[in-house]
Amino acid sequence: MKKISISTRSRTELIDVTHQVAQAVKEMGISDGICYVFVPHTTAGIIINENADPSVGKDILMELNKLIPLDDGYSHLEGNAAAHIKASIVGSSVTVLVEGGRLCLGTWQGIFFCEFDGPRSRQVWVKVTPDGPSGGHIG
Amino acid sequence: MKKISISTRSRTELIDVTHQVAQAVKEMGISDGICYVFVPHTTAGIIINENADPSVGKDILMELNKLIPLDDGYSHLEGNAAAHIKASIVGSSVTVLVEGGRLCLGTWQGIFFCEFDGPRSRQVWVKVTPDGPSGGHIG
Amino acid sequence: MKKISISTRSRTELIDVTHQVAQAVKEMGISDGICYVFVPHTTAGIIINENADPSVGKDILMELNKLIPLDDGYSHLEGNAAAHIKASIVGSSVTVLVEGGRLCLGTWQGIFFCEFDGPRSRQVWVKVTPDGPSGGHIG
């Protein structure tokens, strides 16, 4: 796997990592396969959404912060229970098809690391598995 | 990959695509492997849930619409911020095991395309990767 | 695939299945690859989050129960619509990289089966696909 390092700067923040993931795929030299992007943290997650208009990411964060308030009578005493809950909802990994050495994303799609308990040093793990001999490529 | 085309008819709508995905798997002729189902859109998602009683899908949509209102002081000016947020929460892909040429789904499970900003022409991308020589099939 | 059986004891409950999944990976004897963990139910899900402090799981359940109330004017008449909605939000599967025969999880990460309509007998399906000959392992 390849490990991408990220420094987040706010408590909650979306960071576009599409370029770094695409670069990792390129460096692995695999033309056709599946790309797995995994976040090894419990107070951060990863999503695929629009990266053209930055207001989309702002709205996603705002609404998640509204739905899952920072303080809500939580049992966990470290002050970051909301971050754990948000991470559970958005998930720890995304999967993207790879063809011709490139991530198969829709026109408006980008990959966002979701910081819910920053600022911190974080990682994103990327692995690409190549298609087998029979390929999975018909059609 | 195989591309399935869908025409949605409402602003928010769940569409059962289990049959089309199963058909794509069959056409690829791969007996054992993993099936990836990916939605290349930022205002639509994909889930696995009950497809026996259509009221389940109605309830899922109703509750998501309640949690993430159409208007909520969003920054994104295209009027579909709620759709981006819902897509981020349900996710852009599902993964299903394939054995004997068939999707391994539980008795009540179906695959639903989730339209959150329709009606529109949409796509669902399907890829199946075959098990390698050592199979991953013990047990 | 390997099938792990679980008996849940409450209506809503998180059950740490990390050890069973790791054990299944070990028994399959695959050193490097991808591990897919799939829940074949429509009122249960699966997440990756902290398994050190049990209060984290309690908070995740509490907040999901608050966001998606047991009764909320649902159409589905079996009394478990909320469970279907929660399952759709957290998702039916997780994917974890495997290296050296071990699950690549972050320090604080564990895999939790999420019961939303128990108590019941449940299953978790695990499959590991080995890396192909070219490996996907550079870096």
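The analysis underlying the following values was restricted to heavy atoms, covering all of them including side chains, and did not include hydrogens, waters or symmetry mates.
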Look at the side chain of A:Asp32 and the backbone N and O of A:Gly100, then say whether any donor-acceptor pair between them is shorter than 3.5 Å. yes
Under 3.5 Å, is there a donor-acceptor pair between the side chain of B:Thr8 and the main chain of B:Arg120? yes
Between A:Glu63 and B:Asp72, does a side-chain contact (heavy atoms from CB on, under 4.5 Å) hold up when you go through it step by step? CA-CA 8 Å; A:Glu63 202 66 5; B:Asp72 203 20; 2.8 Å; yes
At a 4.5 Å cut-off on heavy atoms, which part of [X] comes close to chain B: side chain, backbone, both, or neither?
{"X": "A:Lys66", "answer": "side chain"}
{"X": "A:Asp53", "answer": "side chain"}
{"X": "A:Gln109", "answer": "both"}
{"X": "A:Leu64", "answer": "side chain"}
{"X": "A:Leu97", "answer": "side chain"}
{"X": "A:Ile48", "answer": "both"}

Within the structure provided, determine whether B:Val96 and B:Val21 are in side-chain contact (heavy-atom separation under 4.5 Å). no
Is there a side-chain contact between A:Val90 and A:Phe116 in this structure, where contact means two heavy atoms from C-beta onward sitting under 4.5 Å apart? yes
Begin from the C-alpha positions of B:Trp125 and A:Cys104 and carry the test side-chain contact (heavy atoms from CB on, under 4.5 Å) through to its verdict. CA-CA 10 Å; B:Trp125 295 349; A:Cys104 299; 3.7 Å; yes
Using a 4.5 angstrom heavy-atom cutoff, name the option from B:Ile89, B:Thr43, B:Ile34 with the most pairs to chain A. B:Ile89
Looking only at heavy atoms and a cut-off of under 4.5 Å, which of B:Ile85, B:Val39, B:Leu77, B:Thr42 has the most pairs with chain A? B:Thr42
Checking heavy atoms, do the side chain of [X], its backbone, both or neither come under 4.5 Å from chain A?
{"X": "B:Tyr74", "result": "both"}
{"X": "B:Ser92", "result": "side chain"}
{"X": "B:His84", "result": "both"}

Evaluate A:Val94 against B:Ser93 for side-chain contact (heavy atoms from CB on, under 4.5 Å), listing each step before the verdict. CA-CA 8 Å; A:Val94 295; B:Ser93 70; 5.9 Å; no
Which atom pair, heavy atoms only, marks the closest approach of A:Arg122 to A:Asp117? NH2-O, 4.0 Å
With respect to chain B, which residue among A:Val56, A:Asp59, A:Thr107, A:Leu67 yields the maximal number of heavy-atom pairs within a distance under 4.5 Å? A:Asp59
